[in-house]
Amino acid sequence: MNVRVDPAQPIGLFDSGVGGLTVLRALRRRLPAESMIYLGDTARVPYGTKSPQSVLRYATQATDHLVARGIKLLVVACNTASALSIEPLRDRFDPLPVIGVVEPGAAAAVAASRRQRHLVLATESTVTHHAYARAIRALAPDAHVDEVACSLLVSLAEEGWSDGPIADAVAREYLDPVRARGSDEMPDSVVLGCTHFPLVAEPIRRAIGAGPAIVDSATTTAEEVATVLGRMGLLRQSEQPGATTLLATDGAERFAKVGARFLGHPLSASDVEVVDL
Ligand code: DGL
């Protein structure tokens with residue numbers, strides 16, 4: 001693959017849908033001078049229930065598209081794609097720096113936990129691959145890690161139903177069995193191991209109770225991006241804020257509606273370019 005990296009180029013990010021906007025927001029805050037190009041593969045969301053082969057194919061196509069537009073670093077703003085395809089993406093797109101969200105999320109969880117009792121909420125695929133359990137234990141070998149697949153929360157976030165009685169009922173359905181185990185077995189860190197889940201953090205908090213820290217990977221991922229760009233001499237030096245380009249593979253209207261809430265400013269369908277991978 002012929003990849004050229006240059007400080008003037010944007011940072012590329014992709015996710016299966018709107019979830020990775022939580023990472024985009026953290027990056028915008030940490031690196032305001034950088035331009036960013038975000039691709040939500042809304043035509044094929046969810047990734048978390050698809051086969052590893054399909055997820056790798058989708059991730060490769062998304063990256064091909066971003067690389068063709070010219071990016072200096074790729075953030076795989078999706079835990080499922082990070083868990084299943086980060087190494088093949090690094091090999092295929094070398095020398096493009098590729099940063100996933102699982103390792104930064106695991107580092108945030110280990111830092112937030114005193115007893116190293118973690119509960120990871122993620123998609124079916126991320127749970128099946130034990131991506132977080134491995135990443136957490138690489139940092140804290142004696143950590144206790146429970147993983148729960150909460151696929152339905154992805155649909156609620158995509159639908160914009162991220163708060164209210166339905167989201168509360170779904171979160172309770174997933175988390176009541178954990179609470180029922182009693183206080184000795186309660187986690188002290190709940191890892192939002194899917195980039196869609198910060199969008200449903202309130203129902204998750206109500207379902208799990210006030211005790212555990214709720215951890216996500218957005219801030220630590222943004223920190224890692226800043227470190228890597230700095231080390232490679234690829235930071236954009238400018239007083240002017242960088243541009244943000246939003247791409248989706250389907251449903252510009254809905255993407256704009258849900259996305260606006262997460263980016264914290266109004267968006268219209270015309271701010272979202274629909275692309276075919
Ligand atoms: N937001 C993605 C993740 O972090 C994927 C959700 C999905 O498409 O199933 O895992």
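Just follow the structure's listing: the first ligand is 1, and inside any ligand the first atom is 1. Note that the coordinates shown come from a computational prediction; the quantities given were computed from them, not determined experimentally.
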Which ligand 1 atoms, with their elements, are less than 4.0 angstrom from a heavy-atom of [X]?
X    : value
V45  : 8 (O)
D15  : 1 (N), 2 (C)
G48  : 7 (C), 8 (O), 9 (O)
P46  : 7 (C), 8 (O), 9 (O)
T123 : 6 (C), 9 (O), 10 (O)
Y47  : 7 (C), 8 (O), 9 (O)

Side-chain donor-acceptor pair present, T123, T126, cut-off under 3.5 Å: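 There is such a pair between these side chains.
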Are side-chain N/O atoms of H144 and Q116 paired as donor and acceptor at under 3.5 Å? no
To check your reading of the model: name the closest protein heavy atom to atom 1 (N) of ligand 1, its residue, and the distance in Å.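 Answer, as residue, atom name and distance: H196 ND1, 2.7 Å.
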Considering non-hydrogen atoms of the protein only, which is the closest contact for atom 3 (C) of ligand 1, and what is the distance?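 Answer, as residue, atom name and distance: N79 N, 3.2 Å.
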Hey, is ligand 1 close enough to [X] that some N/O pair sits below 3.5 Å?
X    : answer
S16  : yes
V154 : no
T80  : yes
T126 : no

So D15 and H196, do their side chains get closer than 4.5 Å, heavy atoms only?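 H196 reaches D15 side chain to side chain.
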Could you walk me through whether T249 and R44 pass the side-chain hydrogen bond (donor to acceptor under 3.5 Å, both in side chains) check? CA-CA 8 Å; T249 51; R44 301 190 287 200; 5.8 Å; no
Are R69 and E273 close enough, and set up right, to give a salt bridge (charged side-chain N to carboxylate O under 4.0 Å, His left out), and what steps lead you there? CA-CA 13 Å; R69 285 178 176 247; E273 185 187 338; 2.8 Å; yes
Of the options T245, T63, V275, L13, which is the one that meets L39 in a side chain to side chain contact (heavy atoms under 4.5 Å, CB included)? V275
Could you point out which residue of C194, C78, S82 forms a side chain to side chain contact (heavy atoms under 4.5 Å, CB included) with V101? S82
Are Y58 and Y47, when compared by the centres of their aromatic rings, separated by less than 6.0 Å? yes
